[in-house]
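So the structure is just underneath, and the comments pick up after that.
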Amino acid sequence: METLEQIKKRIEAAVPGAKIDIVNNGSPSAQHSLKIDNEHARDVARFLRDDPALRFDFCSNVTGVDWLDRVIKKTVKTKQVVDGVEKDVDLTSEEKIPGYLEAVYHLFSIAHKHGPVIIRMQTGRANAQLSSLTPIWRSAELQEREIFDLYGIKFEGHPDLRRILMWDEFEDFPMRKDYRPPDDFEWEPTPHDDVLERAKQHYPARPTETELKPS
Amino acid sequence: MGDEIDEGLRSELQRQGIWVTSMQELYNWGRKNSIWPLQFGLACCAIEMIATAASRYDIARFGAEVFRPSPRQADLMIVAGTVTKKMAPQIVRLYNQMPDPKYVIAMGACAISGGPFKQGYNVLKGIDRYIPVDVYIPGCPPRPEALLHAFMELQRKIDNQKLSGPNKSDHLDREHPSEYPVPAFGKHDLVPRANPDVFRPPQIERV
C-alpha cells in the first residue's frame with residue numbers, strides 16, 4: 001500500500017481544494033491518520049473507494065471522539081546572549097487548541113487486502129455537523145447513527161438519521177465529556193469511590209449542634 | 001375450609017386410609033407445581049436460564065418447563081439480564097399483561113441492582129424500581145442451581161399463601177394493584193425514576 005504521504009498527494013491532485021493533514025499517532029501502534037476537511041469529505045471518500053490502486057471498499061469502523069480544550073507545551077532549546085555570555089535557554093510556547101468533536105473512519109480494501117487507512121473529520125461542539133459518508137460506504141449508516149445518538153454530530157446526507165440506542169425523546173449526548181448522568185443513586189447498599197460520593201448527596205443531613213443538645 | 005388442620009389428627013386419619021386436605025393446600029399445591037414462566041431473556045443470564053430449562057438441570061422437575069411466549073398465559077416473569085432504560089417500560093407492560101396470580105424472579109446482578117453497569121446512564125438500577133419482585137438471585141450470571149433454588153423459594157412462598165383472612169394472598173385482595181404505571185421516556189431519564197409504591201429503599205436514619 002502507498003504511504004499516507006503518497007495517498008495525501010494523490011488525493012490533493014484528484015480532489016482540487018481538499019485540505020488534507022496527516023495526524024501522527026505517537027503510540028507504538030503508529031496508526032497515523034488523514035484529517036480531511038468537511039467540505040470535500042465525500043469527494044475524498046469517493047476517491048479512496050474508487051481509485052484502482054487504493055480501492056478502500058470496506059469501512060469497518062466509524063467512531064466519535066470528544067476532545068477537550070488542550071494546551072500543548074513546546075520547549076525549544078535556543079542559545080541566547082545573557083549579560084554578554086551565551087547560554088542555553090529553554091523557550092516554552094503554549095498552543096491552545098479548543099475542544100472539538102471528531103468522527104473517525106477505518107478503511108480497508110477487501111480487493112487489495114490492505115488497510116487500514118484512518119480518516120478523521122472535525123467539527124465544533126456547538127451545532128456539530130459533518131457530511132455523511134454513508135452514500136459512499138453503506139456500512140457507515142448505523143455507526144453514524146450511533147455517533148449522532150451519543151455525540152450529537154449531525155451527518156448531512158445521511159439517509160435515516162435517528163437515535164439508535166437511546167429513545168427518541170432523549171435530549172442529551174451521553175458520550176460527550178460534559179454529560180452528567182441522571183442522579184439515581186438514592187439506594188446504594190455498598191457504595192464506594194464515585195458511587196459513594198454520589199450516594200452521599202442523598203443521605204440525610206447531619207444534625208446540627210443545637211439539635212444534638214437536649215433541650 | 002377453616003383454619004389449619006391439626007397435624008396429629010391428619011396423620012391419624014392417614015393411617016386409617018383417609019387423606020384429609022384443605023382447599024388452600026390443594027390450590028397452592030397445584031399452583032406451585034405448574035409455574036409457567038414468560039419466555040423472554042434480556043442478556044447473558046438468559047443463557048443460564050436456557051441451561052436451567054435444558055435436560056441437565058431440567059426445570060421440568062418443578063413443573064416449570066412450559067415457557068409461554070405470551071404474557072397472558074404466564075405465571076412467572078424471570079427478569080434474566082440487564083434491564084436498559086429503553087427496555088424497562090416494555091418489561092413493566094409485559095408484567096401488567098400477565099394475569100394474577102403472578103410472580104417475579106429478578107435474576108442476576110443487573111436485574112436486582114444494575115450490576116456492573118449501575119454507574120452508566122442507560123441501565124435501570126434494579127427492576128424492583130417499577131414492579132414488585134418476589135425472589136432476588138445474586139450472581140453474574142447465577143448458575144442454573146441458583147435459579148432452581150429461586151424456584152424452590154418461590155414454591156415455598158406460594159405454598160404459604162393464604163386464601164382468606166387478613167393475611168390472604170395479594171392476588172385475592174381486590175385493593176391490591178395487579179398493574180403498575182409504565183414509566184415514560186423523559187428528556188434525560190425515565191419519568192418517574194422509580195415507582196414509590198413499589199420501590200421503598202431503606203432510609204439512613206441519624207440518631
Side-chain angles (χ1 to χ4, degrees), chain A residues 63-66 101 142-143 145-153 162-215, chain B residues 42-43 82-93 106 109-130 132-133 136-140 182-207:
Chain A
T63 189
V65 188
D66 181 6
L101 297 168
L142 294 185
Q143 303 192 61
R145 269 179 72 182
E146 188 178 342
I147 298 175
F148 167 71
D149 191 352
L150 303 180
Y151 289 92
I153 301 176
R162 288 177 292 135
R163 281 189 181 270
I164 187 169
L165 296 171
M166 304 304 285
W167 48 91
D168 291 336
E169 294 86 346
F170 197 68
E171 289 188 349
D172 303 332
F173 305 115
M175 289 293 276
R176 284 201 189 180
K177 295 245 165 96
D178 55 358
Y179 174 72
R180 288 289 162 267
D183 183 31
D184 46 5
F185 289 79
E186 57 271 68
W187 165 232
E188 294 299 330
T190 53
H192 51 83
D193 301 341
D194 294 349
V195 177
L196 177 62
E197 289 306 310
R198 304 208 62 179
K200 269 183 183 169
Q201 294 164 15
H202 293 276
Y203 290 176
R206 286 191 180 280
T208 54
E209 290 286 323
T210 47
E211 281 172 345
L212 281 173
K213 277 177 193 162
S215 52
Chain B
L42 297 171
T82 317
V83 187
T84 58
K85 283 176 180 171
K86 202 175 178 182
M87 188 53 107
Q90 277 70 263
I91 303 290
V92 178
R93 210 168 273 131
C110 298
I112 66 181
S113 72
F117 311 110
K118 72 182 310 160
Q119 285 183 71
Y121 53 90
N122 60 341
V123 170
L124 187 69
K125 294 182 171 187
I127 191 61
D128 56 355
R129 285 172 179 252
Y130 294 117
V133 174
Y136 296 83
I137 331 171
C140 187
V182 178
F185 289 133
K187 290 178 180 175
H188 307 288
D189 200 0
L190 290 175
V191 183
R193 279 200 184 127
N195 181 358
D197 295 340
V198 182
F199 184 60
R200 291 187 213 90
Q203 297 293 319
I204 291 175
E205 283 179 28
R206 300 222 187 262
V207 241

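Order of the sequence lines sets the chain letters (A, B, ...), proteins ahead of strands, with each chain counted from 1.
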Margin query: Under 4.5 Å from any heavy atom of chain B, what part of A:Phe185 do you find: side chain, backbone, both or neither?
Written below: both
Next item on the list: Quick one: sort the B:Phe185 and A:Trp167 rings into parallel, tilted or perpendicular, breaks at 30° and 60°.
Entry: parallel
Next item on the list: Only one of B:Ile91, B:Val83, B:Val182, B:Leu190 passes side-chain contact (heavy atoms from CB on, under 4.5 Å) with B:Tyr130; say which it is.
Entry: B:Leu190
Check: So, does B:Arg193 use its side chain to make a donor-acceptor pair with the main chain of A:Asp184 at under 3.5 Å?
Finding: no
Next item on the list: Tell me, for B:Lys125 versus chain A, whether the close heavy atoms (under 4.5 Å) come from the side chain, the backbone, both or neither.
Entry: side chain
Next item on the list: Look at A:Pro181, A:Pro189, A:Pro204 and state which one has the largest set of heavy-atom pairs under 4.5 Å with chain B.
Entry: A:Pro204
Notebook entry, point to check: Cut-off 3.5 Å, side chains only: do B:Tyr121 and B:Asp189 have a donor facing an acceptor?
Noted result: no
